[in-house]
Number of protein chains: 2
Amino acid sequence: MNYKKQLEEYFKEVDIRCVLGLSIDCVIFGFYDNQLKVLLLRWKQTEEWGLPGGFIYKSESVDVAAQRILEERTGIKELFLQQFHTFGEDVRYNRQEISQKLSWPDTSSRQWPDRTVSIGYFALVDFSKVTPTADFLTDECRWWDVEKLPSLLFDHNHIVAVALRTLRVQLSWQPVGYNLLPEKFTMPELQRLYETILNRPLDPRNFSKKMRALGIIERLEEQRKGGAFKSPYLFRFNKEKYEKALQEGNLAFS
Amino acid sequence: MNYKKQLEEYFKEVDIRCVLGLSIDCVIFGFYDNQLKVLLLRWKQTEEWGLPGGFIYKSESVDVAAQRILEERTGIKELFLQQFHTFGEDVRYNRQEISQKLSWPDTSSRQWPDRTVSIGYFALVDFSKVTPTADFLTDECRWWDVEKLPSLLFDHNHIVAVALRTLRVQLSWQPVGYNLLPEKFTMPELQRLYETILNRPLDPRNFSKKMRALGIIERLEEQRKGGAFKSPYLFRFNKEKYEKALQEGNLAFS
DNA sequence: TAAGCTTTATGTATTCCTTACATATTCACT
DNA sequence: AGTGAATATGTAAGGAATACATAAAGCTTA
């Protein structure tokens with residue numbers, strides 16, 4: 001089988017070029033249709049889904065590896081990317097089960113150690129800018145509603161849960177959410193984003209007041225037409241003001 | 001030289017028993033004399049200081065390894081211990097320089113890869129409960145004022161800086177500071193702790209009000225005698241109330 | 001083209017939290 | 001008994017968070 005051969009080659013390459021026993025897993029968040037989405041890959045010739053991930057070259061910074069993996073496996077460049085936790089349980093998952101599910105070739109000749117420690121990164125991306133594309137290891141790549149994930153490979157459900165918790169905490173600290181929206185967005189869109197991530201309804205008057213008080217977004221004259229209702233104004237995130245507010249410490253959101 | 005032999009043996013053991021290319025570094029914070037302290041070790045036959053650290057057994061959870069290392073190298077059990085960052089730069093430090101400084105034996109025969117990725121943990125301990133003790137790799141173990149650290153081995157100054165930043169953020173989020181104080185403490189002691197970590201003065205009336213409003217400490221009838229001044233009341237941290245407040249989300253401190 | 005439906009935009013009163021600020025008290029020491 | 005040093009504490013003002021309701025806009029469709 002061609003794929004199996006490819007996989008063997010890949011593992012051989014990894015064993016030679018990469019740091020043994022370490023991997024990177026990326027939780028890529030996007031926002032669409034008022035839902036927080038996660039980008040998942042379906043492994044070739046299986047119905048098994050998992051997070052995009054990969055390995056670290058022997059003389060490569062882990063941060064750079066995370067960026068590279070993200071780019072290799074999703075085509076996304078320049079995004080909000082942050083390390084959030086390193087997963088080092090002694091038993092992260094049933095290795096035999098995984099090997100079976102993915103029809104992995106016999107790995108007994110590999111250099112790879114029994115246990116893999118994985119460094120978790122999460123990314124926030126503009127949903128509209130991503131074209132999910134499967135790569136040589138996978139048959140399919142698509143967004144999944146974070147609330148409706150299937151049972152994932154490895155300990156990836158757990159990793160997503162930790163990433164999500166981290167995202168929630170971060171959102172209360174600094175307005176990272178902008179990274180999930182296109183350049184121009186409306187106030188209701190922003191509110192939906194917050195409501196979705198924080199998982200609770202927010203009052204539109206208070207939300208608008210608070211967001212505008214932060215002084216890091218600016219209202220454009222443009223409005224978004226097309227809906228069967230009053231056209232909302234468009235806003236834009238102002239990075240300079242954001243950096244300034246960051247330095248001055250006026251950034252908390254509760 | 002006996003020590004050099006010991007070191008060789010140790011490295012050999014590590015190569016056999018431990019996960020290759022991964023290490024753990026612990027930043028142990030204590031509080032004394034109104035100063036935030038960090039526990040450092042001086043390597044044998046050198047004047048070089050570094051963080052306590054170690055390696056992970058092949059089938060050991062990284063969290064457990066961190067606890068074990070802490071216990072092995074400081075005698076401390078049961079403490080607040082938390083993973084805060086994984087350091088995976090391609091060049092974390094000048095390896096040759098380190099090898100020279102520590103008079104390491106020739107390591108060319110080792111299994112160990114060129115680059116080590118280190119998982120950082122920070123610990124908060126009751127200063128009075130720790131008896132700094134050097135181990136077989138070190139000549140001396142003592143507390144250093146976090147503001148007056150010497151130039152440390154590896155990238156340990158950087159690791160301490162990141163740990164400190166994390167601690168500051170955490171302190172604004174939840175009252176982790178209790179872990180740095182003995183069971184009974186006075187309000188001024190608690191205030192000094194916060195002032196030290198946050199690096200700014202706080203108003204005693206407001207501080208007391210706020211702390212008591214959190215509802216997680218209780219005032220005892222006891223007072224601390226001995227100073228040439230009004231005896232302060234003793235307080236105790238109430239863990240049950242704390243857990244409850246945590247669940248209800250009433251824990252932020254700004 | 002008018003009515004209807006849906007969504008957006010917005011102000012005010014109340015409460016709560018944060019901040020600023022000064023003095024009386026206690027205890028040991030002399 | 002007086003002194004010095006640290007502790008304990010209340011109140012007023014300002015700012016932020018919350019609760020709450022209605023008018024206007026834009027498309028649909030009758």
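Every chain is numbered from 1, with letters handed out A, B, ... down the list of sequences.
In this structure, M187(A) atom CE and dT8(C) atom C1' are separated by 11 Å, rounded to whole Å. The distance from atom CG of L202(B) to atom C1' of dT7(D) is 16 Å, rounded to the nearest whole Å. Protein atom CG of N34(A) is 11 Å distant from nucleotide atom P of dT7(C), rounded to whole Å. In this structure, CZ of F229(A) is placed 23 Å from P of dT22(D), rounded to the nearest angstrom. Distance CZ (R224(B)) to P (dC27(C)): 15 Å, rounded to an integer number of Å. Rounded to whole Å, atom C1' of dT10(C) lies 17 Å from atom CE of M211(A). Remark: P of dT18(D) and CG of N206(A) are 7 Å apart, rounded to the nearest angstrom. In this structure, F207(A) places its CZ atom 12 Å from P of dA9(C), rounding to the nearest Å.
Put simply, the side chain of F154(B) does not reach to within 4.5 Å of the side chain of D25(B), judged on heavy atoms.
An OP1 or OP2 oxygen of dA9(C) is reached within less than 4.0 angstrom by no side-chain nitrogen or oxygen of R212(A). Note on R192(B): a side-chain N or O is less than 4.0 Å away from OP1 or OP2 of dT7(D). For dT19(C), neither phosphate oxygen OP1 nor OP2 lies less than 4.0 angstrom from any side-chain nitrogen or oxygen of R205(B).
The side chain of P188(B) sits closest to dT7(D) out of dA9(C), dT7(D), dG26(D). Candidate nucleotides dT6(C), dA8(D), dC20(D) were compared by shortest atom distance to the side chain of P232(B), and dA8(D) ranks first. Checking dA9(C), dC27(D), dC27(C) against every side-chain atom of Y233(A), the shortest atom distance belongs to dA9(C). The side chain of K210(A) lies closest to dA17(D), out of dA17(D), dT28(D), dC21(C).
Between the side chain of S172(A) and the backbone N or O of R168(A), at least one donor-acceptor pair lies under 3.5 Å. Looking at D33(A), its side chain never comes within 3.5 Å of a backbone N or O of Q35(A) through a donor-acceptor pair.
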Next on the checklist: Using ring pair (Phe, Tyr, Trp, His ring centres under 6.0 Å), reason through Y32(B) and W143(B) one step at a time and then give a plain yes or no.
Outcome noted: CA-CA 10 Å; Y32(B) 183 70; W143(B) 292 102; 9.3 Å; no
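For the pair Q223(A) and F235(B), both in contact range of DNA chain D, the more 5′-proximal nearest nucleotide belongs to F235(B). Nearer the 5' end of DNA chain C, as judged by each residue's closest nucleotide, is the contact made by T186(A), out of P204(B) and T186(A).
Looking at K209(B), its side chain comes within 3.5 Å of the base of dT11(D) through a donor and an acceptor atom.
There is no side-chain donor-acceptor pair under 3.5 Å between E71(B) and Q67(B).
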